[in-house]
There are 2 protein chains.
Amino acid sequence: MRPLTHPSIDDITVEGILHALSDPVRVRIYAQLACAEGANSSCSAFLQMEDRCIPKSTLSQHFRALREAGLIRSERRGVEMLNTTRCDEIQQRFPGLLPAIMHAHAIQSGKPLPPDPEDQSSD
Amino acid sequence: MRPLTHPSIDDITVEGILHALSDPVRVRIYAQLACAEGANSSCSAFLQMEDRCIPKSTLSQHFRALREAGLIRSERRGVEMLNTTRCDEIQQRFPGLLPAIMHAHAIQSGKPLPPDPEDQSSD
DNA sequence: CCCATAGTTCGTAACATACGAACTCATGAA
DNA sequence: TTCATGAGTTCGTATGTTACGAACTATGGG
């Protein structure tokens, strides 16, 4: 089992981020992580998302995609995995990108957030 | 030859936009169109982009991808094609999304724009 | 009508993705 | 230490997507 690889902040690309978040399952995972930061962030917490039941091998691949795009950081916590977003780093490198995407996603889901408190604006 | 299809603004999805712009060639095309709005926007203008030479069948597919994602509008102008971005419409539906993406892309390309005048902030 | 130019579509090879089966790793019980 | 269990990963394969050359369609000019 190869050790988890995380790209350095400078190797993170816009294309990579967009591609990772262009998958509906992955945005949902990412949105969950971004909301419940630090809470129940193990992979298994997503085994039964709202409506669909996603097989765990597929979930594992999705987490890997998010990880290799630089969107999340995963570390072992005993038998589980602790997943956290790297939004602070990405905000440094690409200010406003993630908030804008998540905001648009919220609009599309019919639950537009109130104007985000600490986001959106270019750093 | 089927007539060009453009999704209605309500059928445009965030995932579709992100996927379309997650391809390096397509962002470059889109960026060009967004900059030189109305100028030389035919497909053939992109036949020899900066470094790579992209075959025209491939280019055609890229334009179709952008069109079907709702990012551009294409109409015949005689023998050519006039391509224009639909950024105003998209700005209505997903405020700040495209500016943030293009801004991030500019940063990555090493030419960060000055803080965008009318963008970024959550309407 | 014939030709040239601008794009599109088709066919196929290369690449990417989804998911079940089989695996690894950490932990806890015996 | 050994075995069992739960959490994730990797592999193999079927299915989908993408790239690009060849053949096609449309428009405009002689």
Side-chain angles (χ1 to χ4, degrees), chain A residues 1-6 13 15-30 32-33 38-49 51-69 71-84, chain B residues 1-6 13 15-30 32-33 38-49 51-69 71-84:
Chain A
M1 210 174 265
R2 53 182 84 127
L4 302 178
T5 66
H6 296 89
T13 66
E15 288 89 346
I17 292 175
L18 299 191
H19 180 248
L21 294 181
S22 70
D23 181 282
V25 174
R26 287 196 291 261
V27 239
R28 261 158 58 183
I29 293 176
Y30 184 82
Q32 286 281 85
L33 290 178
N40 196 357
S41 63
S42 64
C43 297
S44 58
F46 296 89
L47 269 175
Q48 302 179 19
M49 294 217 300
D51 39 350
R52 293 180 61 189
C53 184
I54 298 144
K56 68 178 191 169
S57 62
T58 304
L59 257 190
S60 179
Q61 301 289 12
H62 283 313
F63 273 90
R64 187 159 73 99
L66 288 169
R67 191 162 55 235
E68 295 187 347
L71 282 162
I72 65 172
R73 195 177 289 282
S74 313
E75 41 183 331
R76 288 216 101 101
R77 269 293 178 276
V79 72
E80 296 193 334
M81 213 70 151
L82 181 74
N83 294 290
T84 50
Chain B
M1 209 175 266
R2 52 183 85 127
L4 303 177
T5 67
H6 297 88
T13 66
E15 289 89 346
I17 291 174
L18 299 191
H19 180 248
L21 294 181
S22 71
D23 181 283
V25 174
R26 286 195 294 260
V27 241
R28 262 163 51 188
I29 293 176
Y30 183 82
Q32 286 280 86
L33 290 178
N40 196 356
S41 63
S42 63
C43 298
S44 58
F46 296 89
L47 269 175
Q48 301 179 21
M49 294 216 300
D51 39 350
R52 293 179 61 191
C53 184
I54 298 144
K56 65 178 193 169
S57 62
T58 304
L59 257 191
S60 179
Q61 302 288 13
H62 282 314
F63 273 89
R64 187 159 74 100
L66 289 169
R67 193 162 53 233
E68 295 185 349
L71 283 162
I72 65 172
R73 195 178 289 282
S74 313
E75 41 182 331
R76 285 217 102 102
R77 271 292 178 274
V79 72
E80 298 194 333
M81 213 69 150
L82 181 74
N83 294 290
T84 50

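Residue numbers begin at 1 in each chain, while the letters A, B, ... track the order of the sequences. Computed over heavy atoms, backbone and side chain alike; hydrogens, waters and symmetry mates excluded.
OP1 or OP2 of C:dT17 has at least one side-chain nitrogen or oxygen of A:H19 nearer than 4.0 Å. For the OP1/OP2 pair of D:dG8 and a distance below 4.0 Å, the side-chain nitrogens and oxygens of A:S60 include no atom meeting the criterion. Here A:R77 does not reach the OP1 or OP2 of D:dG8: none of its side-chain N or O atoms lies under 4.0 Å away.
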List the steps and the verdict of side-chain contact (heavy atoms from CB on, under 4.5 Å) for A:L66 and A:L21. CA-CA 8 Å; A:L66 288 169; A:L21 294 181; 4.2 Å; yes
Under the criterion side-chain contact (heavy atoms from CB on, under 4.5 Å), I'd like the reasoning laid out for B:R76 against B:M81: C-alpha separation, chi angles, the key distance, then a yes or no. CA-CA 5 Å; B:R76 285 217 102 102; B:M81 213 69 150; 4.3 Å; yes
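Straight-line distance from the CD atom of B:E80 to the P atom of C:dA4: 18 Å, rounded to whole Å. For the pair B:R64 CZ and C:dA6 C1', the computed distance is 17 Å after rounding to whole Å. The CG-P distance, from A:L59 to C:dT17, rounds to 15 Å in whole Å. Atom CD of A:E68 is separated from atom P of D:dT9 by 11 Å (rounded to the nearest Å). Distance, B:M81 CE to C:dT8 C1': 9 Å, rounded to whole Å. Spacing between atom CZ of A:F63 and atom P of D:dT9 amounts to 9 Å, rounded to whole angstrom units. As a whole-Å value, the separation of A:I29 CD1 from D:dG8 P is 12 Å. The separation between B:F46 atom CZ and C:dG7 atom P is 10 Å, rounded to whole Å.
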Base, backbone or nothing for each nucleotide of nucleotides 18-26 of chain C, written B, S, -, heavy atoms under 4.0 angstrom, 5' to 3'? SBBB--B-S
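By the 4.5 Å heavy-atom criterion applied to side chains, A:I17 and A:Y30 are not counted as neighbours. Annotation: side chain of A:F63 is not in contact with side chain of A:L4 (no heavy-atom distance under 4.5 Å).
Here the CD1-CG distance, from B:I54 to B:L59, works out to 5.0 Å after rounding to the nearest 0.5 Å. Here the CZ-OG distance, from B:R64 to B:S74, works out to 11.5 Å after rounding to the nearest 0.5 Å.
Put simply, the residue from A:H62, A:H19, A:Q61 that forms a side-chain hydrogen bond (donor to acceptor under 3.5 Å, both in side chains) with A:R26 is A:H62.
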